[in-house]
Engineer: 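Got a structure for you, written out below as structure tokens; questions coming shortly.
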Amino acid sequence: MSCASSRFLCTEVDDSENVFGDGHYVGHDEPATLFYSNTPGAGNDNTYLLRLPKDPAAQPVQDGSGSTWNFQLHPAFWFGMAMCDDQSAPAPGANAPCRPDSDTNIYTSTDPSSPRYIGKHPGAGFMEMQFYPPGWVLQPAGNGCDPTKWCAALNIDSLSQNYNTGATNNAACLNSAGVEYVNFAFLTKDGKSTTPADPTNGNRFNLDAARDYFMSSGDSLAVHMFDTPSGFRVDVNDLSNGSHGSMTASKQNGFAQVAFQPTATTCTTIPSAYHPMYSTSSENTRVPWTAHSYNTAFSDETGHFEYCAAADPTTQNCTQSAGTEPLDADDNFCFNPGDSSLVKIGGCGGGNPTDDDYDGVPYQKTWPGSGGTTPTPEPIIFSSPVIHGFQPFDRAAFETDLPRIEDNGTLANPCNRTTGANCVNPPPGANFYPMFTTRNIGPACVWQEGGASIPGTTRTFGGSSTTEFGPLLGLTYPRPTGPVTLYNDFRQVLPNNPCTLFGGIRAGTKPLM
């Protein structure tokens, strides 16, 4: 499995039609909250508190008239951070080596003659510490891990393309790992990967229930993400029951870079310990091949569920619509009711492309606080991160890559990412788009995702996704013909961080949520 076959696992590329070489757009709708600080450690040592949301008591029904569960709103959500990968874009193997945990990796110039030109940026990957909801189709075919339990995995996405020349890796590597290759390892009870995370290992998405780490809906977690000599590490401490899971992006756990050798006839991987790219986190600490601008961030992966009464198991195309959604071209990567581990409904997960006409479940009033009439899950609740266990971040921002995903041929008036014309929020056809609000729990301020009417909400940042995510953001990318500026996102940067934990937190903190 690679980003070419199941791309909801992957980071959104700035121009996927050209990168994947098939002329098709594959989207990742990723509303996010970003965190900025010039304090050393902001880019490599973060701790969050997180509460996993509970689903309604009643299960969803096939005609779409019942409740909504988490697996329908997001196949995953995640905490992110930029990583070093010398074999990854913008110029694999050709630029200065990445220096881990260092702001010397910041290259922001738009002048190709400058020594700090963005095309000379050290090779970069993006880490997504992903959490997967229960109840539907299990991995590796789907995204869940258990009928009733949550699981989590450490993903690091990299790109085998030279943005300055246009060259991609050799055919053997593209066939075995994909142009956007993914190191993947489930968090385990003992911190040892159940199988190598290597991007060419096709078994890395297989579950091992005896060793993989599971959590329950409603659990409060402390998520510590930090660098070690062996590699970037994630520790999850379940503050509700005292359990612990972890994973380290180390050579011992099979993490590897895919050697960028365009003229080779075989694919070579390089055992590698992955380390964070930057020391701090700011608007200048980005991964220069992604659609998003961020480094330290929480992001949801939404837009990947549409009801489907029956699917062809060979093509995974929907053959019988369900609910109010018509059968259309984006009804693919679909499963039948019998494929589910618990909730016996069929649906489409949006493999290629995603829900690019915005008529699926995540674009309805099916979120907490959205004003709908059917039962919804609880909101995801998470804290702003702290640095080295106690230091708050100075500023926050909101960002969504709607312009990037609205540039598709399904729409009558697709977004023009060069001029910004027809780039809108909410997306065309959507009845709702999720946003982030705050609430207070005891002495702590925390973030929540959904609508503006979640009980206990304290700040709504304008009360709609349009006001919250702000204006169009232009980002510069290197190209063989010279740099280009594209509108891939909406972003609003706040003057401060309006939601910090009172007094900071430590990994052993008692539950606040």
Side-chain angles (χ1 to χ4, degrees), residues 8-9 46-57 59 69-80 127-140 142-155 184-194 197 204-226 233-248 253 298-302 340-343 368 377-383 385 441 444 446-449 505-513:
F8 63 75
L9 290 169
N46 303 161
T47 302
Y48 296 82
L49 290 184
L50 167 68
R51 188 172 78 186
L52 297 175
K54 293 181 180 180
D55 292 311
Q59 293 187 7
W69 276 27
N70 275 284
F71 69 79
Q72 298 171 285
L73 298 181
H74 23 234
F77 62 81
W78 44 265
F79 299 112
M127 186 282 305
E128 297 182 2
M129 179 57 240
Q130 296 187 345
F131 292 81
Y132 308 110
W136 201 45
V137 182
L138 303 185
Q139 298 204 33
N143 63 287
C145 294
D146 186 83
T148 61
K149 299 287 188 179
W150 292 72
C151 68
L154 174 55
N155 296 248
F184 180 98
F186 288 109
L187 267 65
T188 59
K189 300 170 188 175
D190 61 6
K192 299 177 181 178
S193 62
T194 53
R204 66 196 186 283
F205 301 104
N206 294 342
L207 293 159
D208 185 342
R211 296 186 56 199
D212 294 334
Y213 180 62
F214 296 94
M215 299 148 285
S216 296
S217 297
D219 283 0
S220 294
L221 313 174
V223 182
H224 186 199
M225 311 190 306
F226 60 107
R233 175 172 171 143
V234 176
D235 281 313
V236 173
N237 290 309
D238 192 319
L239 306 177
S240 298
N241 61 30
S243 65
H244 172 262
S246 66
M247 183 50 55
T248 303
N253 284 325
F298 168 90
S299 182
D300 197 4
E301 175 74 41
T302 190
S340 174
S341 64
L342 180 64
V343 180
E378 293 179 342
I380 301 168
I381 295 177
F382 62 99
S383 71
I441 300 181
V446 292
W447 299 94
Q448 53 192 4
E449 186 186 12
I505 61 173
R506 300 272 182 188
T509 299
K510 295 295 182 183
L512 289 173
M513 299 182 286

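As a basis for the values below, the full set of heavy atoms in this structure was taken, side chains included, without hydrogen atoms, waters or symmetry mates.
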Engineer: Taking only residues two or more places apart in sequence, or in another chain, which ones meet Asp208 in a salt bridge (charged side-chain N to carboxylate O under 4.0 Å, His left out)?
Structural biologist: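 Testing Asp208 for salt bridge (charged side-chain N to carboxylate O under 4.0 Å, His left out), a comparison that skips the adjacent residues, returns none.
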Engineer: Apply the ring-ring contact (aromatic ring centres under 6.0 Å, His included) test between Phe71 and each candidate in Phe131, Tyr132, Trp136; give the one that qualifies.
Structural biologist: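 That would be Trp136; it is the only one of Phe131, Tyr132, Trp136 passing the ring-ring contact (aromatic ring centres under 6.0 Å, His included) with Phe71.
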Engineer: Using the benzene-type ring in the case of Trp, are the ring centres of Phe77 and Trp150 under 6.0 Å apart?
Structural biologist: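 Yes; Trp150 has its ring centre under 6.0 Å from that of Phe77.
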Engineer: Closest approach of Lys189 and Ala209, non-hydrogen atoms and distance?
Structural biologist: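 Scanning both residues completely, I find the closest heavy atoms to be NZ-O, 4.2 Å.
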Engineer: Write down the atom of Pro379, the atom of Pro53, and the distance for their closest heavy-atom approach.
Structural biologist: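 Taking Pro379 first and Pro53 second, the nearest heavy atoms are O-CB, 3.6 Å.
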Engineer: Working to the nearest 0.5 angstrom, can you tell me the gap between Asp300 CG and Leu73 CG?
Structural biologist: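 Reported value, rounded in 0.5 Å steps: 8.0 Å.
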Engineer: List the steps and the verdict of side-chain contact (heavy atoms from CB on, under 4.5 Å) for Phe226 and Thr47.
Structural biologist: CA-CA 8 Å; Phe226 60 107; Thr47 302; over 6 Å; no
Engineer: So among Leu138, Leu207, Asp212, which one has a side-chain contact (heavy atoms from CB on, under 4.5 Å) with Cys145?
Structural biologist: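 Passing option: Leu207.
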Engineer: Measure across Ser240 and Gly218 and return the closest heavy-atom pair with its distance rounded to 0.1 Å.
Structural biologist: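 Shortest heavy-atom contact: OG-O, 4.3 Å.
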Engineer: Below 4.5 Å, heavy atoms only, C-beta onward: do Ser216 and Lys149 meet side chain to side chain?
Structural biologist: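 Ser216 reaches Lys149 side chain to side chain.
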Engineer: Using the side-chain contact (heavy atoms from CB on, under 4.5 Å) definition, which of the options Asp146, Asn241, Leu221 pairs with Met215?
Structural biologist: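 Result for side-chain contact (heavy atoms from CB on, under 4.5 Å) with Met215: Leu221.
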Engineer: Just how far is it from atom CG of Leu50 to atom CG of Leu239, taken to the nearest 0.5 Å?
Structural biologist: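 Nearest 0.5 Å value for the CG-CG distance: 10.0 Å.
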Engineer: Does the ring centre of Tyr48 sit less than 6.0 Å away from the ring centre of Phe298?
Structural biologist: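 So the answer is no for these two rings.
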Engineer: Quick one, Ser193 and Met247 - any side-chain contact, counting heavy atoms below 4.5 Å?
Structural biologist: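 Counting from C-beta outward, Ser193 and Met247 do come under 4.5 Å.
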Engineer: In Å, rounded to the nearest 0.5 Å, how long is the span from OG1 of Thr194 to CZ of Phe186?
Structural biologist: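 The CZ atom of Phe186 is 7.0 Å from OG1 of Thr194, to the nearest 0.5 Å.
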Engineer: Quick check: does any side chain N or O of Asn155 sit under 3.5 Å from a backbone N or O of Ala153, one acting as donor and the other as acceptor?
Structural biologist: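 Yes, the answer is positive, given that a donor and an acceptor are paired below the 3.5 Å cut-off.
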Engineer: Measure the spacing between CG of Asn46 and NE2 of His224 and express it to the nearest 0.5 Å.
Structural biologist: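 So the CG of Asn46 and the NE2 of His224 are separated by 8.0 Å.
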Engineer: Do any N or O atoms from the side chain of Ser340 and from the backbone of Val343 form a donor-acceptor pair under 3.5 angstrom?
Structural biologist: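 Side chain of Ser340 to backbone of Val343, a donor-acceptor pair under 3.5 Å: yes, one is there.
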Engineer: Between Asn143 and Pro75 (side chain of the first, backbone of the second, donor and acceptor by atom type, cut-off under 3.5 Å), is there such a pair?
Structural biologist: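 Indeed, once roles are kept as given, a pair shorter than 3.5 Å links the two residues.
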Engineer: What residues, two or more places apart in sequence or in another chain, satisfy ring pair (Phe, Tyr, Trp, His ring centres under 6.0 Å) together with Trp69?
Structural biologist: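 Result, ring pair (Phe, Tyr, Trp, His ring centres under 6.0 Å) vs Trp69: none returned.
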Engineer: Check for a donor-acceptor pair, side chain of Arg211 on one end and backbone N or O of Lys192 on the other, with a separation under 3.5 Å.
Structural biologist: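 Indeed, once roles are kept as given, a pair shorter than 3.5 Å links the two residues.
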Engineer: Would you please name every residue forming a salt bridge (charged side-chain N to carboxylate O under 4.0 Å, His left out) with Asp238, sequence neighbours left out?
Structural biologist: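 Asp238 satisfies salt bridge (charged side-chain N to carboxylate O under 4.0 Å, His left out) with no residue once adjacent residues are dropped.
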Engineer: Could you go step by step and tell me if Met225 and Met127 meet the side-chain contact (heavy atoms from CB on, under 4.5 Å) rule?
Structural biologist: CA-CA 10 Å; Met225 311 190 306; Met127 186 282 305; 3.9 Å; yes
Engineer: Enter the distance from Thr188:OG1 to Asn253:CG here, rounded to the nearest 0.5 Å.
Structural biologist: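 Thr188 OG1 to Asn253 CG: 7.0 Å, rounded to 0.5 Å.
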Engineer: Within this structure, what is the CZ-CD distance for the pair Phe382 and Gln448, rounded to the nearest 0.5 Å?
Structural biologist: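 If I round to the nearest 0.5 Å, the distance is 9.5 Å.
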